2 protein chains.
Amino acid sequence: MTDLGFNAKDCGTCPIQHRAVCARCETDELATLEAMKYYRSFEAGQPIVWSGDRMDFVGSVVTGVASLSQAMEDGRTQMVGLLLPSDFLGRPGRAAAPYDVVAVTNTTLCCFRRKPFETMMGATPHLAQRLLEMTLDELDAAREWMLVLGRKTAREKIASLLAIIARREASLAPERGQDDMSFDLPLTREAMADYLGLTLETVSRQVSALKRDGVIVLDGKRRIVIPDFDALVAETGDDVDGGVFA
Amino acid sequence: MTDLGFNAKDCGTCPIQHRAVCARCETDELATLEAMKYYRSFEAGQPIVWSGDRMDFVGSVVTGVASLSQAMEDGRTQMVGLLLPSDFLGRPGRAAAPYDVVAVTNTTLCCFRRKPFETMMGATPHLAQRLLEMTLDELDAAREWMLVLGRKTAREKIASLLAIIARREASLAPERGQDDMSFDLPLTREAMADYLGLTLETVSRQVSALKRDGVIVLDGKRRIVIPDFDALVAETGDDVDGGVFA
DNA sequence: CGGGGGTTTGACCATAGTCAAAGCACGTGG
DNA sequence: CCACGTGCTTTGACTATGGTCAAACCCCCG
């Protein structure tokens, strides 16, 4: 068993307890969930489920990153979502997975068998309310992404992706100077391309261009430094105040 | 007051009663909603709310079609959703509209003031459950559309849009021969372009091309006839069984 | 008859895709 | 320790798809 980095027995030590689907549950409700949960871990690159597969569980990402994507017969694929820690996987009431789900990095899920979870949802408004809230947020994110996919140039797409990741890192990391953000990019060029609706060559070219123009600095191959976040945002095409999370 | 085509007093005559957010409500719950509802009508082309506006109501589309779209400062716009009869507008718990909402055709909404509706949602699991279900469906639709926007060619995009509308018409209209579908396109070329992430010229060219190739037949400017639905689906790039609603 | 919204078509151009080769970093085995 | 292979990335040359700009068209309506 992999080391989870927290106490698997006790939801009180869970790193996502305040943002996951269970965030609103009372002590007794949590106890019920705690009794039925189990963990599953996946190595980077491993499939979690394939589109069309029967899915007998639902669950939350505890650590790591997973991708949701759709494939066309001829091999074109589009990533339609990134699951980050606290994001929920699966849909109560649906047995077949609609997308391919792949672990982008090493990933641990906190799972529940689907049927018991559905039963509990019916009896636990706190659970349903929280899931509704999370789903509405995801819907907003998906719609924001539609603007990126439908209307932005390749350069703006790259800048948008980097800005999103940078913002997320900033929201997790403790306060540090805004003008010296940096993070490890968890995605390959191909994964970025699948997310952005581009080819990996175009991604590579535009990343190089942003580097050449001083908007980003590469430290090694995967570490990105943002010397001036506002300059990056200016490249996204969004208006300054709003951005992708308007 | 416009003629609504049904009895505004009685939810029992409402055309969307079985699919709207209130579909699961019991008689007494319905009575409460009935007491607080009010109708608003908009002419084709009129704005319903602008992005950033304060929204003090939520509601359901009863008749007509409305669009959700996002605009960039330089005028590029992307439609991120189409609201059809029974679709829900607004988000409990959020005061500011995140998108521009425009009536595409003459449209009637069944509205509730936001605060009382939120209160009722907290006390009425049937309402929250139904809204969750509808939101999950919308999320699926948004993600399906991400594939269209990110990976499909102009021709495939047009075919996908026509196939979606045709399917929807078929699901509403009583059984008729599958090989003779036809419908009025409620969207201008520009609206189609905004939905598909194309320019209106490209839309026009690709519609002409599909007509030239016999995949569709135009009867006047807006009426579309689909002589062979399978042939249309073949143009979407989706595999035959699944399609956009896989 | 004239005007306007929506649409079609054409000529040209720019952006991103395709195909191909080479480079780089890292791990394995000789 | 170095050669080799693999996976990922970069770069180049060329092409194709869809965008831009501009003009004309169509149809309905006043």
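This is a predicted model, so every value here is computed, not measured. Within every chain, numbering begins at 1; the chains are lettered A, B, ... in the order of the sequence lines, protein sequences first and strands thereafter.
Remark: A:E190 CD is loosely packed, at most 12 non-hydrogen atoms of other residues, nucleotides or ligands lying under 6.0 Å away.
Contact annotation: A:T188 side-chain N/O to D:dG7 OP1/OP2 distance is not under 4.0 Å.
In this structure, the CZ atom of A:R189 is 15 Å from the P atom of C:dC24, given to the nearest Å. The nearest whole Å value for the distance from the CE atom in A:M192 to the P atom in D:dC8 is 15 Å. The distance from atom CG of B:L185 to atom C1' of C:dG6 is 13 Å, rounded to the nearest whole Å. Here D:dT10 presents its C1' atom at 15 Å from CG of A:L210, a figure rounded to the nearest Å. Rounded to an integer number of Å, the gap from A:L200 CG to D:dT11 P is 14 Å. For B:I158 and D:dG18, the CD1 to P distance is 10 Å, given to the nearest whole Å. Distance, B:L218 CG to C:dG6 P: 18 Å, rounded to whole Å.
Side-chain contact of A:S41 with A:T108: a donor-acceptor pair under 3.5 Å is present, judged by distance alone.
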Show me the donor-acceptor pairs, under 3.5 Å and distance only, between side chains in residues 207-215 of chain B and residues at least two apart or in other chains.
from	atom 1	to	atom 2	distance (Å)
B:S208	OG	B:S204	O	3.0
B:D213	OD2	B:R155	NH2	2.2

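Residues passing the salt bridge (Lys or Arg N to Asp or Glu O under 4.0 Å) test with B:R205: none are found, sequence neighbours excluded.
Screening A:V148, A:L68, A:L149 for a side chain to side chain contact (heavy atoms under 4.5 Å, CB included) with B:M146, the sole residue that qualifies is A:L149. Among the candidates B:V62, B:T63, B:L83, B:L89, the single residue satisfying the side chain to side chain contact (heavy atoms under 4.5 Å, CB included) test with B:L109 is B:L89.
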In the 5'-to-3' direction, what one-character label does each nucleotide of nucleotides 14-23 of chain C receive under the scheme B = base within less than 4.0 Å of a protein heavy atom, S = sugar-phosphate only, - = no such atom? --SSBB----
